[in-house]
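First the structure, in the form of structure tokens, and then the observations on it.
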Amino acid sequence: MQRFTQFISHPLTKYVAIALAVFLSIGIITGLVQQNAAKVDALHIALAAPLTSNRSEAAKEMVQSVQLYLDAVNQQGGINGRPLKLLVYDDRDYPTIARDVAREIEKSQALMVLGHLTSTTSVATAPLYKALQIPVITGTASADTLTQDNPYYFRTAFNNTQQGNLLALYAQQVLKFNTANVIYSNDTAGQSLRTAFEATFKQTGTLKHSWEFYEQAEDWQESLNEIVNDLAKQPEPDILFLAMSDTFAKEFIVAIRKRNLTMPLLGNITLARETFPALFDQYDEEKRQPGYFVNELRLAVPLILDSAGVDAQAFASNYQRTYGKLPSYVAGGYYDAAAVAVRAIQNAKIQNTATSLKHDRQLIRDRLEAINSPEVAVKGLSGDLYFNETHDTSPRIRFGQFVGRSLISASTQLSPVKHLELVNLEREIKSGNIIPVTNLSQKERQYFWRQEVVYAGMDINKLNRLDQSKSSFTADFYLWMRYNGSDDATGIEFPTGIANSLDVNLPLFDPQKPTRIDTINGQKYRLYQVRGEFRNSYDLHDYPFDQQTLKLYFENVRVPSDRLIYAIDTFGLKLLKSDPEEVKKPYQSLQLWNFKTIQYAQESFSSTSTRGNPQLFDANLQVDYPGLSATITLQRRFTVFLVKVLLPLGLLVLVLFSTLFFSENMAKERLTVAISALLSSAVLLTAINAQLADTGYTVAIEYGFYLFFGLCLFCIVIGLILERLRVGGYKTAIQSLNKAAQFLYVAIVLGTVATYWVAFGSRLQTF
């Protein structure tokens, strides 16, 4: 008892007790903070979608894309520590039920609404949301009247007037048709599309016929037959615009093609989903020739993945990885709508209580309206999003066409002229580079560049060296381009290129020396083989459990991107091949790496240089130039590293642990082994760092070594304490301290292994 009292009164015991008290206090405080955080009320957003209808697939995309965005925000801590929660409502694509949904939402905790999918349900509910003072954002409904005179409805997609105007302009100026016909449904969407198309087309062309039909009429099939009979009597194959929903467009296309009518077809946005070609699966013609009915059908679409930028490609990859399929414009539209909604909620100083709900909704509406200029715009998948005075945005409109059953970017696009004051309009219009049009709804003149699309691809032949110390890698790949316009398309350069692998005296890339020159299906074809070393930045924070991205990209600084862009050649690239092993072959020479993914994206590179032009000295001008990138993701095979490098460290851990079982008479041996283990591990760490570049930060494996250094110091201190206790004759205390030290050592080692496993175990590769 006396010895125990002496042990308790020992100064070292006091310091141990203080340390334990501190750790206990930290644990209690952390628990209270976490418990308090769990009690924070969630921020609710409602989503109205036709879950049980013939548009259920589109509704599913709405829910999934919004949830994907909210999950990303929640992983970053939500909004001021509050998580976002989605409340999903089924409007069944029926106006009466949609209005009932609006009333349910009014009684819920929802701060705002995303939806509805179609113009029919959106227009039906718009007055009710206005009366209930609930802000709403739609990512798809395109009826012009939806946002007019309604301070509570906002839209991140283009409207029917924008769509109809540009389709008419495209038909005349790009496809070169001076006469056209229209078939439109007698509903809000059909009528507004037809009106806009007709107004623009009649400025310089002739609209021969405009047929109307009633989707709700019992005899609509008779109307269809009469219209197709009239079309068959036309002496020339005028272009035909189908201003109607996808369900009825399918019926008209089948009737037209079965009559062997070959006129080119234009469609509205509802025909752009990948499910549209599947509507024709039942027909023999489609079975014999996939894409028979939709081939060369042209559409106006806000998002086409082959010409989408890096952000849109990252979204598409994440969506496909999460849900097992690529997204359509519907998912993209509501992903953007969710981004705008979150920005408004972030900027609104809401209380999020039952009594403040109405006021909170009003604050969010006001914050939405304040997103009204490029300076405060929300970054969307296809560009900046901000609202005008009618709560519409002006997203870019892309023109797509079906090739078989695949929707790709058309070879010519229309891109708005941004800086009229810097353009010689008369010269550019005369040369055909700029197309003018009068926007009758806004009573103003608009101008569009004729934008050339170059279908390009980079196919990796071999990637044989990664040099982390020099921040570079070596690659051998094919590069090809297919295009209709000038050879300016090939005037590209690789900004990160260092040297030609075959001869350092040769340029890395010479656009004047293609491997093959040809004309295929009326398009110019150029093929190059590029072999070289490229600069690349490596993020080694997770080393050796790290994933690395290698980026190959080119840019064209001769032609601005509003006149030329590069689109991913989805038909020629391996990214769609069914055999994953075939895709992995170029990376098999990298013995320490596993291939994960390759992602292509259309790039845009900006310059604010005046280039010495006096006209630009006082202009706040940014010029974008086009390019294309291929981003390769590799996972380090860290099991090889663990065996070769960490096995010695593991043995040192065991050797050091054995010193805790030494007799108290072996104090000198305890210290000698611990110091030797410390020096040996320092040598190992130096060897590891020699393989890396000068990172300037601590990598993952270094934390393990630092912890081992701490264990060495721990064993040294334990040895010194035991020596003092031995001299003082505290045998019981020696036994207790030995056992405590052994237990603590094992706990620290196992805790470290568990921490690394939780952080990086999912990346473990099996060999």
**Asked** When you look at L656 and F708, which way does the side chain to side chain contact (heavy atoms under 4.5 Å, CB included) test go after all the steps?
**Response** CA-CA 10 Å; L656 185 63; F708 181 73; 3.8 Å; yes
**Message:** Which label fits Y703 and Y706: parallel for a plane angle under 30°, tilted from 30 to 60°, or perpendicular past 60°?
**Reply:** perpendicular
**salt bridge (Lys or Arg N to Asp or Glu O under 4.0 Å) partners of D384, counting only residues at least two apart** = none
Could you state the interatomic distance from [atom1] ([X]) to [atom2] ([Y]), rounded to the nearest 0.5 Å?
{"X": "L722", "Y": "N665", "atom1": "CG", "atom2": "CG", "answer": "11.0 Å"}
{"X": "L654", "Y": "S658", "atom1": "CG", "atom2": "OG", "answer": "8.0 Å"}
{"X": "M458", "Y": "I598", "atom1": "CE", "atom2": "CD1", "answer": "8.0 Å"}
{"X": "I350", "Y": "R82", "atom1": "CD1", "atom2": "CZ", "answer": "6.0 Å"}
{"X": "L385", "Y": "K379", "atom1": "CG", "atom2": "NZ", "answer": "11.5 Å"}
{"X": "L114", "Y": "D336", "atom1": "CG", "atom2": "CG", "answer": "11.5 Å"}

**Request:** Could you walk me through whether L685 and E702 pass side chain to side chain contact (heavy atoms under 4.5 Å, CB included), step by step?
**Result:** CA-CA 7 Å; L685 180 58; E702 287 180 316; 3.8 Å; yes
**Request:** Give the intermediate values and the outcome of side chain to side chain contact (heavy atoms under 4.5 Å, CB included) for residues D546 and D539.
**Result:** CA-CA 8 Å; D546 51 320; D539 183 354; over 6 Å; no
Does the side chain of [X] reach to within under 4.5 Å of the side chain of [Y], using non-hydrogen atoms?
{"X": "T496", "Y": "K551", "answer": "no"}
{"X": "F705", "Y": "I688", "answer": "yes"}
{"X": "L552", "Y": "I460", "answer": "yes"}
{"X": "L540", "Y": "Q548", "answer": "yes"}
{"X": "I568", "Y": "Q313", "answer": "yes"}
{"X": "L550", "Y": "Y538", "answer": "yes"}
{"X": "I45", "Y": "I345", "answer": "yes"}
{"X": "I675", "Y": "I716", "answer": "yes"}

Between [X] and [Y], is there a donor-acceptor pair closer than 3.5 Å when you use the side chain of the first and the backbone of the second?
{"X": "D311", "Y": "G380", "answer": "no"}
{"X": "S472", "Y": "R535", "answer": "no"}
{"X": "R367", "Y": "R343", "answer": "no"}
{"X": "N464", "Y": "S589", "answer": "no"}

Closest non-hydrogen atom pair, [X] against [Y]:
{"X": "N536", "Y": "T549", "value": "ND2-O, 3.1 Å"}
{"X": "D360", "Y": "N352", "value": "OD2-N, 2.8 Å"}
{"X": "L303", "Y": "A312", "value": "CD1-CB, 4.0 Å"}
{"X": "S629", "Y": "E603", "value": "OG-OE2, 2.7 Å"}
{"X": "L508", "Y": "F534", "value": "CD2-CE2, 3.6 Å"}
{"X": "D90", "Y": "L51", "value": "OD1-N, 2.9 Å"}

**Request:** Compute whether any side-chain donor of one residue and acceptor of the other, for T474 and R465, lie under 3.5 angstrom apart.
**Result:** yes
With sequence neighbours excluded, residues passing ring pair (Phe, Tyr, Trp, His ring centres under 6.0 Å) with [X]:
{"X": "F657", "result": "F661, Y745"}
{"X": "Y756", "result": "F545"}
{"X": "F605", "result": "Y553"}
{"X": "Y89", "result": "none"}

**Message:** Determine whether F494 and F477 satisfy the following criterion, ring-ring contact (aromatic ring centres under 6.0 Å, His included), listing intermediate values before the conclusion.
**Reply:** CA-CA 13 Å; F494 290 85; F477 59 94; 5.8 Å; yes
**Request:** Walk me through it: do F554 and L479 pass the test side chain to side chain contact (heavy atoms under 4.5 Å, CB included)?
**Result:** CA-CA 10 Å; F554 64 77; L479 164 67; 3.7 Å; yes
Output all residues satisfying side chain to side chain donor-acceptor pair (under 3.5 Å) with [X], sequence neighbours left out; order by chain, then residue number.
{"X": "T659", "result": "none"}
{"X": "S663", "result": "none"}
{"X": "N74", "result": "none"}
{"X": "E723", "result": "R726"}

**side chain to side chain contact (heavy atoms under 4.5 Å, CB included) against Y323, all qualifying residues, sequence neighbours excluded** = Q64, Q67, L68, Y319
**Request:** Write out all pairs satisfying salt bridge (charged side-chain N to carboxylate O under 4.0 Å, His left out) with one or both partners inside residues 56-66, taking only residues at least two apart or from two chains.
**Result:** E57-K60, E57-K325, E61-R273
**Request:** Could you name each residue pair satisfying ring-ring contact (aromatic ring centres under 6.0 Å, His included) that touches residues 331-351, not counting sequence neighbours?
**Result:** Y69-Y335, F315-Y335
**For S108, the option from L357, V113, L87 that meets side-chain contact (heavy atoms from CB on, under 4.5 Å)** = L87
